[in-house]
Amino acid sequence: MLISAPIRAPTWVSRRRLLEEKLSDLHKWTNLKQVKQVHAQIYKANLFQDLYVAPKLISAFSLCHQMVLAVSVFNQIQEPNVHLYNTLIRAHVHNSQPSQAFAAFFQMLSDGVSPDNFTYPFLVKACSGESWFPVVQMVHAHVEKFGFFSDIFVPNSLIDSYSKCGFVGVNAARKLFTVMGERDIVSWNSMIGGLVKAGEVGEARKLFDEMPERDAVSWNTILDGYAKAEEMKMAFELFEKMPERNVVSWSTMVLGYCKVGDMDMARMLFDKMPVKNLVTWTIIISGYAKKGLTKEAIGLYDRMEKAGLKSDDGAVISILAACAESGLLGLGEKVHASINRTKFKCSTLVSNALVDMYAKCGSLDKAYSVFNGMARRDVVSWNAMLQGLGMHGHGEEALWLFSRMKQGGFVPDKVTFIGVLCACTHAGFVEEGRRYFYAMERDYRIVPEVEHYGCMIDLLGRGGHLKEAFRLVRSMPMEPNAIIWGTLLGACRMHNAVDLAEEVVDHLVKLEPSDPGNFSLLSNIYAAAGDWDSVSKLRLQMRRTGIQKPSGASSIEVNDEVHEFTVLDKSHPRSDKIYQMINRLVQDLKEVGYVPKAYQ
DNA sequence: TTCGAGATCG
């Protein structure tokens, strides 16, 4: 009797099939340990040359932000095909390595592998920012030459990329959009999105009205346009008209009201919306934080955590930036504590946000401790630390940090020099400031921008070198903006330069006709010089033109609550006690010989 | 399609 042996595939076939099954979703894995384990298995099975396995492995390493490993997998392949190149390009783009993506593209061309309909869209996705405009143009020309317009995905992605390249980009996108033979809803949405990003809501609205059909994205894009332009009336009208509203629509409205500072409306919508996501929570918490409403911001942050939502990098960065902006150390510390609870280490981006927050809130020790503990620092980390030191008067230490930064092999950028010059200003290092200002262009090839001139004029002005400051303003290659003149005016006040101040105010009024602050500064300068005649004339002129000076408010944070007060303010329940204390302080000051400036 | 690090005066 013949007993047939069970039929079995050769071992290598079954091993491969097993692996294939196991690896079917490898390209979505985000656990580095698992990916590395599989990587080792693939190596052992001698399958690293396999054109099915390799792209998946590259994608997985890319998701784990391990580009060195991804590239090494790629380099093992002797004859990469178009799919493999596309995967590598996409991996570089995903990890914010646009130059490497293009390097891979050119390598692909020189290897004689033809790009396909996927290559170009991946490639141009990396292009964001004005400097990328010529690159998108190059890709566009390439696409036209080789006729890849057969798939609408290609021109759509070009429109999208052009839109990210600033003003010139949007025009190019418009051109392409006009000549496109066939358009789908994505083409329209990309074009409208581009116009919105460029701040041309009116144009965007026109296209929106022309669209043959609209989806949720179209509605939300135009809604975002109005919210970004702070035209909340238009936004609300549109919001009411929308056929269906999703989380994004509601969040966009909340964001818009936060931007215009209408926290009541923002909160009302936030409470009313049926579904909230992490972004929504981030928007409202940052909104409260930016307005300095610590209690609300902290309360909502606690509620978010209780609701079981875990912050991601974006949420954390957003909230920390808001804390930095208005000095909410309490919330910032809370966010830091919850990061420490959930994460072993944070990304460079998050650490930078922490350093910046601590530095801006005046907690330099904590800024230092985050900064020193960072595994990987970049230019931004140094800039944030340096600026924090300079801002709080530690000019010498800031300059020391600057030299440490250079020793560490970091190349200073334009923001670094703003920090350096500011540090010089706050420490009164006029000579050093001048030196850095000229070294910036000569040694680092950084052309001074209006911000650098601003710092420099502040430095010279405060130091009493008014004439030099004025000369520098005249020699600027760009038009001086209101901040430049404002800086100069501040310097005039400091050194009682009445004539110069009048000239500066003339310029300021042209740039900011409705800003009453400029007049009151001039009025203070007249007062300081004892020219009461001019003061009353100016007051009269202000009354005639209907310019009113809003009273300046000061605020103080006590027990997580911000108290605001103005001149002669009696609104506080314990106002009597406060004034008693002030009078006592004034008395004490007089006793030690202080004379208020106005009576000098 | 919503949030997302550093940026000159007061």
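Small disclaimer: the values here were computed from a predicted structure and weren't measured. Below, read A as the first sequence line, B as the second, and so on, with proteins coming before strands; counting in each chain starts at 1.
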inquiry  = Would you compute the distance between atom CG of A/L238 and atom CE of A/M232 and round it to the nearest 0.5 angstrom?
reply    =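 Going from CG on A/L238 over to CE on A/M232, the span is 10.5 Å.
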ask   = If you draw a 6.0 Å radius around CG in A/D209, do more than 12 non-hydrogen atoms from other residues or ligands fall strictly inside?
value =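 Yes - once you tally the heavy atoms of other residues, nucleotides and ligands closer than 6.0 Å, there are more than 12.
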task = Take atom NZ of A/K406 as the centre, draw a 6.0 Å sphere, and report whether it contains more than 12 heavy atoms from other residues, nucleotides or ligands.
result =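 Yes, enclosed.
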Which of the following nucleotides, [options], is nearest to the side chain of [X]?
X      : options              : result
A/D356 : B/dT8, B/dG4, B/dG6  : B/dG6
A/T487 : B/dC9, B/dT1, B/dA7  : B/dC9
A/Q387 : B/dT8, B/dC3, B/dA5  : B/dT8
A/D224 : B/dT2, B/dG4, B/dT8  : B/dT2
A/V279 : B/dA5, B/dC3, B/dT8  : B/dC3
A/A353 : B/dA5, B/dC9, B/dA7  : B/dA5
A/D458 : B/dC9, B/dA5, B/dT2  : B/dC9
A/R462 : B/dG10, B/dT1, B/dC3 : B/dG10

To the nearest angstrom, how far is [X] atom [atom1] from [N] atom [atom2]?
X      : N     : atom1 : atom2 : result
A/D160 : B/dT1 : CG    : P     : 6 Å
A/N189 : B/dT2 : CG    : P     : 12 Å
A/W382 : B/dG6 : CH2   : C1'   : 15 Å
A/H426 : B/dA7 : NE2   : P     : 13 Å
A/H452 : B/dT8 : NE2   : P     : 11 Å
A/M391 : B/dA7 : CE    : P     : 6 Å
A/I418 : B/dC9 : CD1   : P     : 10 Å
A/L269 : B/dT2 : CG    : P     : 18 Å

With a 4.0 Å cut-off on heavy atoms, is [X] in touch with a base, just the backbone sugar-phosphate, or nothing at all?
X      : result
A/D215 : nothing
A/D378 : base
A/V379 : base
A/I483 : base
A/A324 : nothing
A/N277 : base
A/V196 : nothing
A/R214 : nothing

message = For a quick test of reading the model: is some side-chain N or O of A/R245 closer than 4.0 Å to OP1 or OP2 of B/dT2?
response =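 Checking A/R245 against B/dT2: no side-chain N or O falls below 4.0 Å of OP1 or OP2.
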task = Ignoring backbone atoms, test whether A/K360 places a side-chain nitrogen or oxygen under 4.0 Å from the OP1 or OP2 oxygen of B/dA7.
result =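 Yes, because at least one side-chain N or O of A/K360 sits under 4.0 Å from OP1 or OP2 of B/dA7.
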message = Between the base of B/dT2 and the side chain of A/T252, is there a donor and acceptor pair under 3.5 angstrom?
response =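 Check fails, no donor-acceptor contact within cut-off.
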request  = Report yes if a donor N or O on one partner sits less than 3.5 Å from an acceptor N or O on the other, where the partners are the side chain of A/D312 and the base of B/dG4; otherwise report no.
outcome  =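 Check fails, no donor-acceptor contact within cut-off.
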ask   = If only atom types and distance count, is the side chain of A/H426 paired as donor or acceptor with the main-chain N or O of A/C422 below 3.5 Å?
value =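 Yes; at least one donor-acceptor contact below 3.5 Å.
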ask   = Knowing that exactly one of A/R205, A/R174, A/K206 qualifies, which makes a salt bridge (charged side-chain N to carboxylate O under 4.0 Å, His left out) with A/E200?
value =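 The residue from A/R205, A/R174, A/K206 that satisfies salt bridge (charged side-chain N to carboxylate O under 4.0 Å, His left out) with A/E200 turns out to be A/R174.
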message = Could you tell me if the side chain of A/W188 sits less than 4.5 Å from the side chain of A/P212, heavy atoms only?
response =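 Yes; the side chains approach each other to less than 4.5 Å.
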key: Centroid separation A/F270 to A/W250 less than 6.0 Å   =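 Ring-ring flag for A/F270/A/W250: false, centres at least 6.0 Å apart.
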